[in-house]
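Below, chains carry the letters A, B, ... as their sequence lines are ordered, and counting in each starts from 1.
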Amino acid sequence: MPDIDPANKSMEEIVALCKRRGFVYPASEIYGGINGFWDYGPLGTALKNNIRDHWWKQTVECPPIGPDGEPVSIVGLDSSIIQNPKVWEASGHVGGFNDPMTMYKECKKLLRADHVWYVFYGNPDEIGKYGEDLTGQGVDVRSFFSDVFALEQLPPDERQRIINEDANLKQALGNTESLPFLIKKAVLAGSKEEAFEAAEFSSKQRKAIEKHGAKPLTTYPLMVPDRAWDDGGSLCPNCESRDSLTEPRQFNLMFESYAGAIQSAENKVYLRPETAQGIFLNYKNVVDTMRVKMPFGIAQVGKSFRNEVTPRNFIFRSREFEQMEMEWFCAPDDSPKWYDFWKHERMRWWESLGVSKSNLRFRDHDEDELAHYSKMCVDIEYKYPFTAPGYGELEGVAHRGCYDLTQHQTHSKQKMEYFDQERQVKGQKAGLSKDEINAQSKYIPNVIEPASGLTRGVLVLLTEAYTPDESRASKVYMKFKPKFAPIKAGVFPLVNKDGMPEVAQKLYMGLREKFACQLDAKQSIGKRYARMDEAGTPYCFTIDGETLTGGTVTVRDRDSQSQERINIDKVEAFLDEKMGE
RNA sequence: GCGGGUGUAGCUCAGUGGUAGAGCGUCACGUUGCCAACGUGAAUGUCGUCGGUUCAAAUCCGAUCACCCGCUCCA
């Protein structure tokens, strides 16, 4: 029984085999490579295409049966990588996710600046020198903090009254994502405990603050995310050194380019960081032209681009990668049912690729790590050699609510509402009022998004297939499920004479019309088997003396290395059957 | 971004200042009777790149790039 635990597989050896056998090459290698990019060789391309085709077939052409016993309906799409830049403003990718990073000079710990809280010691005049638009909402920081500190002196009831009357404060408090909201809520609360409650700090944030709180602070420490000042009273949660933060650096996570020959701010465009937005952009087109009705899905496979801070771990995190995403549109009140359905459906799908159950798991996201768009999210994780005994993300199934369509409705001024006629009819039959019927049948759909990394899928199948075996000549073989193997069969004359090559040639010519296969008469039979083991070819057909007299060939099984004889006329049917399994 | 490590033939690696090496693989020819058999022969390198020191650099120094490990990030 081969060892299937990725913890015992060496990433380095997998990378070496990938190069040696033409699965994955370093990109632009002859120029010294380029950080974060990889090229897929002939076998890697075949493997990737096999996974992609299977996903497309199982998602678009032959989708599963839904939880109600009805077949689900999903259509395909191939949207442009470059879209109107407003798309990324609406989606929140511009602005919201250019995470600034900051580092403690003392201990070299790197942090996301918005995960750092800065502690002020309470003198509004001091703070005044940072007078700038801290809030991003046109609120001058000097007067803002003066206001806040003035408020702090007042009894809670009085504070609340003033906030209610102050349009500026109200506005700041209106946006729950905004910085002033957190600050003000924290400051205006009556105690530290209350501040935590009021500011709705997550457990993680709380912990960081608690650590600061161990130091002598004023009664109401101000936790200001998103900004660093060299003299701003910061305290490293790691080494507890004071005031040693560097200026936050802007990390631009989207690739930029210019549409048109002249580079200027007006024609700046972005390479998409996810395929999903292309689907949302065409949601209306699909509804209007494809006779789809709720619930339904739109699927897309394609390249995406992210300027990862640290591309690492082979093709696991590269800056150019490929996604297989499906956006499932449904009525809001049906969304938990579909979230649950797709969560389990996607896990089944990965298992159907031959990935061991023991190497896969679900991981539900904590509330405080959810993305801006997401209500619920679960990752399907795989135990990669470089994460083992831990796991790393392979696919995310996110409940995106109506976030994206609402955003696009707001930004584009195009109606994204769906009128659900089935619900209308149902309402009429139930004798509901017109208003009630409208309320139930008019809605912006909710979206469940199973988004998997195709290139991560390649990595998983490579890892999963990689099987060291000291007992065989190649010392290792790639145990792909036959359906996904880049080469399905080898055809070998046992020796290159006595009419065997001619028979092998004939068999090969027939098979190649249907299967990716290779004819090989060179060198010893053992070498040929060994080569096929490393390429992961599941079956090898060998023409020997008996073929010439009895019309049978041997089939050599990659995994067991055992042989059986079958009639040469049955080879195609044999492969057909094995590929279907 | 930081710290550590590595970089020599397709792969694995030896080579600590004096002519660029081995094993495996690849290719050709011969052989072959089911698991990298054997014989003969062949191709393959700006020693990651750039610069410096030196009569002389794969080797010493500096910079840079890529990969690996750890930290960190990953919408």
Side-chain angles (χ1 to χ4, degrees), chain A residues 10-13 15-22 25-38 88 91-115 238 246 248-249 251 253-254 273-274 276-277 304 306-314 316-319 321 369-374 377 386 392-393 396 398 400 451 453 471-477 492-498 500 521-534 540-548 553-556 558 561-563 565:
Chain A
S10 148
M11 206 57 222
E12 225 165 305
E13 281 170 26
V15 173
L17 182 139
C18 282
K19 168 91 190 279
R20 190 167 69 242
R21 286 296 161 197
Y25 307 125
S28 2
E29 193 184 11
I30 59 170
Y31 288 100
I34 175 166
N35 194 0
F37 298 88
W38 298 88
W88 309 111
S91 69
H93 288 89
V94 177
F97 298 96
N98 295 353
D99 298 330
M101 310 285 286
T102 183
M103 191 177 47
Y104 287 96
K105 290 169 194 156
E106 302 285 322
C107 63
K108 308 288 183 208
K109 201 173 174 65
L110 186 77
L111 300 160
R112 246 171 73 175
D114 63 337
H115 283 179
N238 187 40
T246 60
R249 272 172 302 239
F251 279 65
L253 295 185
M254 270 201 291
E274 60 175 18
Q277 294 305 325
S304 290
R306 293 179 192 175
N307 252 323
E308 300 288 0
V309 178
T310 315
R312 202 55 86 81
N313 291 326
F314 198 34
F316 178 73
R317 182 176 301 141
S318 48
R319 291 186 166 139
F321 60 104
E369 68 173 314
L370 287 177
H372 61 293
Y373 54 73
S374 166
C377 190
F386 47 82
E393 185 185 351
R400 293 180 81 129
S471 76
R472 62 175 77 194
S474 56
K475 306 291 180 206
V476 63
Y477 64 106
F492 307 149
L494 181 59
V495 288
N496 208 11
K497 61 176 186 183
D498 296 343
M500 293 180 203
K522 296 294 167 73
Q523 298 170 318
S524 71
I525 191 74
K527 279 195 185 189
R528 286 176 268 166
Y529 286 148
R531 273 198 289 264
M532 287 295 128
D533 276 351
E534 279 203 336
C540 294
F541 301 100
T542 300
I543 282 75
D544 59 11
E546 275 186 60
T547 313
L548 306 172
V553 297
T554 62
V555 188
R556 186 260 192 184
R558 175 197 62 202
Q561 302 182 82
S562 65
Q563 292 183 13
R565 294 203 77 90

Name the pairs: protein N/O against N/O of nucleotides 7-12 of chain B, kept only if under 3.5 Å.
{"unit_1": "B:C11", "atom_1": "OP1", "unit_2": "A:Lys19", "atom_2": "NZ", "d": "2.8"}

What's the shortest heavy-atom distance between A:Arg528 and A:Gln523, and which atoms? NH2-O, 3.1 Å

Under 4.0 Å protein heavy-atom contacts per nucleotide of nucleotides 44-49 of chain B, with B for base, S for backbone only and - for none: ------

With under 30° as parallel and over 60° as perpendicular, where do the rings of A:Tyr529 and A:Phe492 fit, or are they tilted in between? tilted

P atoms of B:A14 and B:C73, separation to the nearest Å: 36 Å

Can you tell which of B:A37, B:C34, B:A75 lies closest to the side chain of A:Lys527? B:A37

Selected nucleotide, minimal atom distance to A:Trp38 side chain, candidates B:A75, B:C67, B:C34: B:C67

Categorize A:Phe492 for me: base, sugar-phosphate, or nothing, with a 4.0 angstrom heavy-atom threshold over every strand shown. nothing

Residue set satisfying salt bridge (charged side-chain N to carboxylate O under 4.0 Å, His left out) with A:Arg565, at least two apart, ordered chain then number -> A:Asp544, A:Glu546

Using whole Å, what does the distance between atom P of nucleotide B:C35 and atom CD of A:Gln563 come to? 8 Å

Measure from CZ on A:Arg528 to C1' on B:A37 and round the result to the nearest Å. 12 Å

Could you tell me which residues satisfy salt bridge (charged side-chain N to carboxylate O under 4.0 Å, His left out) with A:Glu12, sequence neighbours excluded, listed by chain and number? none

Classify A:Arg21 by what it touches in the nucleic acid, base, sugar-phosphate, or nothing, heavy-atom distance under 4.0 Å. base

Taking only residues two or more places apart in sequence or in another chain, which ones pass ring-ring contact (aromatic ring centres under 6.0 Å, His included) with A:Tyr477? none

ring-ring contact (aromatic ring centres under 6.0 Å, His included) against A:Phe316, all qualifying residues, sequence neighbours excluded: A:Tyr384, A:Phe386

C1'-based separation of B:A37 from B:U31 [nearest Å]: 10 Å

Earlier contact from the 5' end, RNA chain B, for A:Pro311 and A:Glu393: A:Pro311

What distance, rounded to whole Å, do you find between the two C1' atoms, one in B:A66 and one in B:U8? 16 Å

Do any side-chain nitrogens or oxygens of A:Lys497 fall under 4.0 Å of OP1 or OP2 in B:G30? no

Pairwise C1' distance, B:U54 and B:U16 [rounded to whole Å]: 16 Å

Distance, rounded to the nearest Å, where A:Asn496 contributes CG and B:G33 contributes C1': 13 Å

Rounded distance in Å - CG (A:Asp498) to C1' (B:G33): 9 Å

Do the side chains of A:Leu494 and A:Met500 get nearer than 4.5 Å, heavy atoms only? yes

NA contact type, A:Met11, heavy-atom cut-off 4.0 Å: base, sugar-phosphate, or nothing? nothing

Contact class for A:Glu534 (heavy atom, under 4.0 Å): base, sugar-phosphate, or nothing? base

If we take the P atom in both B:A36 and B:G25, what is their distance in whole Å? 10 Å

Can you sort out the partners of A:Arg306 under salt bridge (charged side-chain N to carboxylate O under 4.0 Å, His left out), two or more places apart, ordered by chain and number? none

When you compare the side chain of A:Glu13 with that of A:Lys475, does any pair of heavy atoms fall below 4.5 Å? no

Does A:Gln523 put a side-chain nitrogen or oxygen below 4.0 Å from OP1 or OP2 of B:U26? yes

Pairwise P distance, B:G51 and B:U44 [rounded to whole Å]: 26 Å

Can you tell me how far P in B:U40 sits from the matching atom in B:C34, rounded to whole Å? 24 Å

When all nucleic acid strands are considered with a 4.0 Å heavy-atom cut-off, which category describes A:Arg472: base, sugar-phosphate, or nothing? nothing

Say we look at B:G10 and B:C61: how far apart would their C1' atoms be, to the nearest angstrom? 32 Å

Hits for side chain to side chain contact (heavy atoms under 4.5 Å, CB included) against A:Ser304, two or more places apart or cross-chain, chain-then-number order -> A:Arg272, A:Thr275, A:Phe321, A:Gln323

Side-chain heavy atoms of A:Lys19 within contact of A:Pro26, under 4.5 Å: yes

Got a donor-acceptor pair under 3.5 Å from the side chain of A:Arg556 to the base of B:C35? yes

Could you check how far CG of A:Asp533 sits from P of B:C35, rounded to whole Å? 13 Å

Counting heavy atoms from C-beta on, name the nucleotide in B:A75, B:G33, B:C34 closest to the side chain of A:Met500. B:G33

Quick one: A:Arg312 CZ to B:G5 C1', roughly how many Å, whole number? 12 Å

Categorize A:Lys522 for me: base, sugar-phosphate, or nothing, with a 4.0 angstrom heavy-atom threshold over every strand shown. sugar-phosphate

May I have the distance from A:Asp544 (atom CG) to B:G33 (atom P), rounded to whole angstrom? 13 Å

So what does A:Gly453 touch, heavy atoms closer than 4.0 Å: a base, only the sugar-phosphate, or nothing? nothing

Taking CG from A:Asn35 and C1' from B:C73, how many angstroms apart are they, rounded to a whole number? 14 Å

Across all chains, not counting sequence neighbours, the salt bridge (charged side-chain N to carboxylate O under 4.0 Å, His left out) partners of A:Arg319 are none

